[in-house]
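Hydrogens, waters and symmetry mates are skipped; everything else that's a heavy atom, side chains included, is used.
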Amino acid sequence: MEPLAYRLRPQKLEDIVGQEHLIGKNGALTRMIEKKQLPSIILYGNPGTGKTTIALALCHTLEAPYQTFNASTDNKAQLKSIIDNITSDNSFLIVDEIHRMKKDIQDYLLPFVEKGAIHIIGITTVNPYHAVNPAIRSRCLVFKLNNFNYENMETIFNRAINYYNDGTSFTSEAKDYIINMSNGEIRTLLNLIESVYLYKTDEKEINLDIAKKIIQKPNIMIDKNEDSYYDTLSGLHKSIRGSDADASLHYLAKLLSSEDFLPLVRRLYCICYEDISLANPSMGPKVRAACEAALELGMPEARLPLASVVVEMALSPKSNSTCLAIDAALKDIAEGKSGNLPLHLKNTYSFDPNQGSYKYPHDYPGAWVNQQYLPDAIKDRRYYFPKTTSKNEEALKERFDAIQRAKNAK
């Protein structure tokens, strides 16, 4: 038997739930369909947001012939066969996982797309501006699908219950539990509801206990091959930077569910030196120790050192002064703003008395002496601007300012 998600797939645009910005009354795709014209497009969004359903409904609404092609499994010979059998200049090719399309297939397809012999509807869960070849992307309009809200999911839930129509009811707690466990994916929601009907026998009311017996683990979108994994890493990074310990723990928990620590460890190292840095120099060794302990322990114990260090990172003083400084220096190098190393800094001795000689700072009071270190072309360039978000960097700023005053006095 076909899965419930397949049986309930809408055939018409007006039956699709959500995505009003695209297929609502004044949606971008709705306006195009009203004119009976649709260019090549790419539909981009998280799993279960209706990309394939919208693609099929668009073709049905236009009464246009279409073929399907999976870029990850189908080959050039299959594409050639599809194109050879095109009988209409209003034909569509629905390309699933378009971000995986190989170059030889793209090269073969592009001329047909350019001259309008075929229109493509690309489907991808990966940001096409990052993952889809520019040659393909430049010939398509890109539309992003939004995640579903609770009301959208409730509409689908009720539609599924009405489809079975066997008198079964769900308590509000059970309904909320099933919807929340689907994590915004309609396909997952329908699969969970189908599981309930396969499980139950004489029950006429599904309560929370019954729902929990059937559904024991939430659907967590954390596939490393998709945007959601890196979006979650970004959420962790921005939450720590924003000093929100609760949000940091939430995203950490989500990442821990994947049980792949290396990307998480790398991101924590990065956060430490990008956003905390000189405001709390002791954080670096702490992060390293916690990450090494987590890698040795594995789950579930790995959660303990990582939770401790993530909370401390979130609540630590923050400073990005060194990040801004090195980025400014790298920008100068990339733009050719540098020059020859001052001769007195080289390892070669000069007999030119005008060049002076290197002054050893430890021979002077305070281990500092006024001499030029930057190339002549940028000798007055400043990269580092201290921040006062912590006592540590305030102390560094005091010495930095004292050195600047001594330079100016000379």
Side-chain angles (χ1 to χ4, degrees), residues 130 230 233-244 248 263 265-288 291 309-310 312-350 352 354-410:
H130 297 161
Y230 298 98
L233 278 175
S234 177
L236 174 68
H237 193 152
K238 291 180 173 67
S239 297
I240 292 176
R241 179 188 292 154
S243 301
D244 190 323
S248 301
V265 164
R266 287 194 292 267
R267 183 58 69 100
L268 290 176
Y269 287 161
C270 175
I271 298 168
C272 180
Y273 291 101
E274 178 181 349
D275 295 297
I276 298 174
S277 187
L278 296 180
N280 186 1
S282 66
M283 205 69 248
K286 290 181 180 179
V287 171
R288 184 174 183 86
C291 289
V309 81
V310 161
E312 189 170 356
M313 291 172 76
L315 299 179
S316 170
K318 306 294 191 301
S319 174
N320 68 341
S321 59
T322 55
C323 177
L324 296 175
I326 189 60
D327 285 349
L330 287 169
K331 184 173 183 290
D332 275 359
I333 297 301
E335 295 175 354
K337 297 177 182 177
S338 185
N340 294 324
L341 187 75
L343 192 58
H344 62 275
L345 298 186
K346 294 183 179 180
N347 287 325
T348 56
Y349 181 78
S350 172
D352 184 353
N354 295 322
Q355 290 294 336
S357 59
Y358 173 63
K359 298 173 183 176
Y360 189 55
H362 292 289
D363 290 339
Y364 297 84
W368 180 83
V369 60
N370 190 27
Q371 65 182 330
Q372 180 182 328
Y373 291 96
L374 281 169
D376 288 339
I378 56 168
K379 65 180 182 179
D380 295 321
R381 184 74 164 98
R382 276 194 61 182
Y383 296 114
Y384 176 60
F385 293 87
K387 292 198 170 184
T388 56
T389 53
S390 69
K391 291 183 177 179
N392 181 75
E393 199 162 9
E394 282 183 5
L396 295 177
K397 184 178 184 300
E398 287 180 10
R399 177 166 172 82
F400 184 86
D401 290 344
I403 291 172
Q404 297 304 312
R405 288 194 297 270
K407 285 183 178 180
N408 293 334
K410 296 290 183 181

For T322 and S277 the tightest heavy-atom approach is OG1-OG, 2.7 Å
Applied to residues 265-285, the salt bridge (charged side-chain N to carboxylate O under 4.0 Å, His left out) test, sequence neighbours excluded, yields R241-E274, R241-D275
Correct closest heavy-atom pair for S321 and F385 would be CB-O, 3.6 Å
Those residues at least two apart in sequence (or on a different chain) that pass salt bridge (charged side-chain N to carboxylate O under 4.0 Å, His left out) with K397 are D401
So the salt bridge (charged side-chain N to carboxylate O under 4.0 Å, His left out) pairs with at least one residue in residues 377-388 (sequence neighbours excluded) are D332-R381
query: Any side-chain heavy atom of K407 sitting closer than 4.5 Å to one from I403?
result: yes
With a 4.5 Å heavy-atom cut-off, do I326 and Y383 have their side chains touching?
no
Here the salt bridge (charged side-chain N to carboxylate O under 4.0 Å, His left out) pairs for residues 316-327, sequence neighbours left out, are none
The ring-ring contact (aromatic ring centres under 6.0 Å, His included) partners of Y360 (sequence neighbours excluded) come to H362
Taken in chain and number order and not counting sequence neighbours, the residues that satisfy side chain to side chain contact (heavy atoms under 4.5 Å, CB included) with L315 are A245, V311
*Any side-chain heavy-atom pair of N280 and N392 under 4.5 Å*: no
- Query: How about M283 and V309: do any of their side-chain heavy atoms sit closer than 4.5 Å?
  - Reply: yes
Sorted by chain and number, sequence neighbours left out, side chain to side chain donor-acceptor pair (under 3.5 Å) with R288 holds for E292
Salt bridge (charged side-chain N to carboxylate O under 4.0 Å, His left out) filter on E312, not counting sequence neighbours, yields K286
For L345 and Y358, the nearest pair of non-hydrogen atoms, with its separation, is CD2-CD1, 4.1 Å
* Asked: Is the backbone N or O of A279 less than 3.5 Å from a side-chain atom of S319, with the two atoms forming a donor-acceptor pair by type?
  -> no
Of all heavy-atom pairs linking L396 and L278, the shortest is CD1-CD1, 3.8 Å
Those residues at least two apart in sequence (or on a different chain) that pass ring-ring contact (aromatic ring centres under 6.0 Å, His included) with F400 are Y384
Applying side chain to side chain donor-acceptor pair (under 3.5 Å) to D363 and not counting sequence neighbours gives none
In terms of heavy-atom contacts, S316 and I276 come closest through OG-CG2, 3.5 Å
dist D244:CG -> K238:NZ (nearest 0.5 Å) comes out at 14.0 Å
Taken in chain and number order and not counting sequence neighbours, the residues that satisfy side chain to side chain donor-acceptor pair (under 3.5 Å) with R399 are none
Between the NE2 atom in H344 and the OH atom in Y373, the distance rounded to the nearest 0.5 Å is 7.0 Å
The salt bridge (charged side-chain N to carboxylate O under 4.0 Å, His left out) partners of K391 (sequence neighbours excluded) come to none
Between P375 and N340 the two heavy atoms that sit nearest each other are CB-O, 3.3 Å
